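Since the structure comes first, as structure tokens, the remarks are kept for the end.
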Amino acid sequence: MKRDFISILDWTTGEILDNIEFAIELKQKTKEGMCPKLLEGKNYGIFFHKPSLRTRLSFEVGITQLGGSSMVLSEQDFKIGERETVSDVARVMSRYVDGILIRTFSHQMVLDLAKHASVPVINMLTDYNHPCQLMSDVLTIKEKLGRIDNLRIAYLGDSNNMTVSWLNLAGRIPLDLRIGTSPETMPDMKLVNEIKELGISTINITNSAEEAVEGAEVLYTDVWASMGEKDLIAEKTRLLRGFQINTALLKYATKDALVLHCLPAERGNEITDEVLEGPQSVVFDQAENRLHAQKAILVQLEKWRTV
Ligand code: CP
Ligand code: NVA
């Protein structure tokens with residue numbers, strides 16, 4: 001039966017953890033020049049309604065490494081929902097391709113595509129969440145620290161699609177998740193409470209950066225103004241200035257705490273150059289791991305489709 005990857009919550013804890021192990025295996029094989037051709041003859045249709053470096057390259061290269069092929073459809077080709085309905089696009093594409101990958105503004109559009117497509121749909125980022133990024137972050141943390149469960153994670157800065165993705169992960173894997181943000185940029189408390197009610201993780205939201213980072217084993221941040229809201233950067237900078245990851249703040253974390261950032265970074269805003277380039281930063285490993293984590297997702301979805 002076809003399944004999708006639109007949120008971390010679409011998959012069970014076991015499925016997420018198995019997929020991370022599979023990504024580790026695929027990474028190893030790829031490094032040895034022996035990436036298995038598990039998607040031989042498979043074709044993917046890809047949409048980008050927002051800019052991308054990592055996501056576009058890692059999906060296209062990953063599909064090629066697995067023996068498949070992909071086509072990026074530009075908005076010059078057609079605009080989903082304008083030239084024809086989302087459901088017609090989903091049904092037509094399902095007759096040609098083995099999966100639909102989309103980065104767009106509206107989360108609802110991705111849900112609608114998945115509802116009407118008979119092939120898997122992968123969410124490559126919406127205004128709401130960014131689950132593919134989180135899978136490669138989990139892979140990176142697992143590689144560096146040997147585990148992911150029960151770690152103290154400090155997420156600093158704007159409440160955005162990355163915050164939602166971390167909260168979603170906390171609904172599947174036990175974490176001590178601390179979100180440090182301003183009173184004006186708090187996460188959706190309905191979602192926070194829903195995740196808390198699952199009883200898997202401890203979640204604390206604080207308006208003190210130091211409190212969020214105290215004893216953290218992993219620090220995470222993201223741009224203060226996401227794609228589509230760059231006009232808010234002056235306002236967000238004013239609100240979030242105190243949540244910058246810098247050398248002084250890092251001292252509150254454990255000695256060897258990892259520093260993660262999904263990139264692109266705005267150096268000097270949410271993170272200093274010194275920390276981003278420092279020994280605790282693993283941001284480029286994170287970027288590399290997009291390739292392997294996503295290959296594992298693509299292969300898993302193809303396996304489910306055929307059972
Ligand atoms: N982290 C991430 O998704 O990067 P891109 O926007 O470059 O794809
Ligand atoms: N929150 C950022 C993530 C970029 C990968 C954005 O949506 O622009």
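Just so we're clear, the structure is a prediction, and the values are computed from it rather than from any experiment. We count ligands from 1, going down the list as the structure has it; atoms in each ligand are counted the same way.
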Salt bridge (charged side-chain N to carboxylate O under 4.0 Å, His left out) between Arg267 and Glu277, intermediate numbers included: CA-CA 10 Å; Arg267 294 161 189 251; Glu277 298 293 348; 2.8 Å; yes
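Side-chain contact check for Glu143 and Asn289: at least one donor-acceptor pair (N or O, by modelled atom type) lies under 3.5 Å. Between Gln108 and Asp112, the side chains place a donor N or O and an acceptor N or O closer than 3.5 Å (distance only, hydrogens not considered). Counting only N and O atoms by type, the side chains of Thr12 and Arg172 include no donor and acceptor under 3.5 Å apart. Counting only N and O atoms by type, the side chains of Lys196 and Ser201 include no donor and acceptor under 3.5 Å apart.
A heavy-atom cutoff of 4.0 Å around ligand 1 is satisfied by the protein residues Ser52, Leu53, Arg54, Thr55, Arg103, His130, Gln133, Cys262, Leu263, Arg290. Every protein residue with a heavy atom nearer than 4.0 Å to ligand 2 is included here: Leu125, His130, Asn160, Asn161, Asp222, Val223, Ser226, Met227, Leu263.
Judged as a salt bridge (charged side-chain N to carboxylate O under 4.0 Å, His left out), the pairs with a partner in residues 41-52 (not counting sequence neighbours) are, in order, Lys42-Glu302, Lys50-Asp127.
With sequence neighbours excluded, the residues satisfying ring-ring contact (aromatic ring centres under 6.0 Å, His included) with Phe5 are Trp11.
Following chains of ILVMFWY side-chain contacts shorter than 4.5 Å, one cannot reach Val72 starting from Phe47, and the two form parts of different hydrophobic clusters.
By the neighbour-count criterion of 12 heavy atoms within 6.0 Å, atom CZ of Phe105 is densely surrounded, having more than that number from other residues, nucleotides or ligands.
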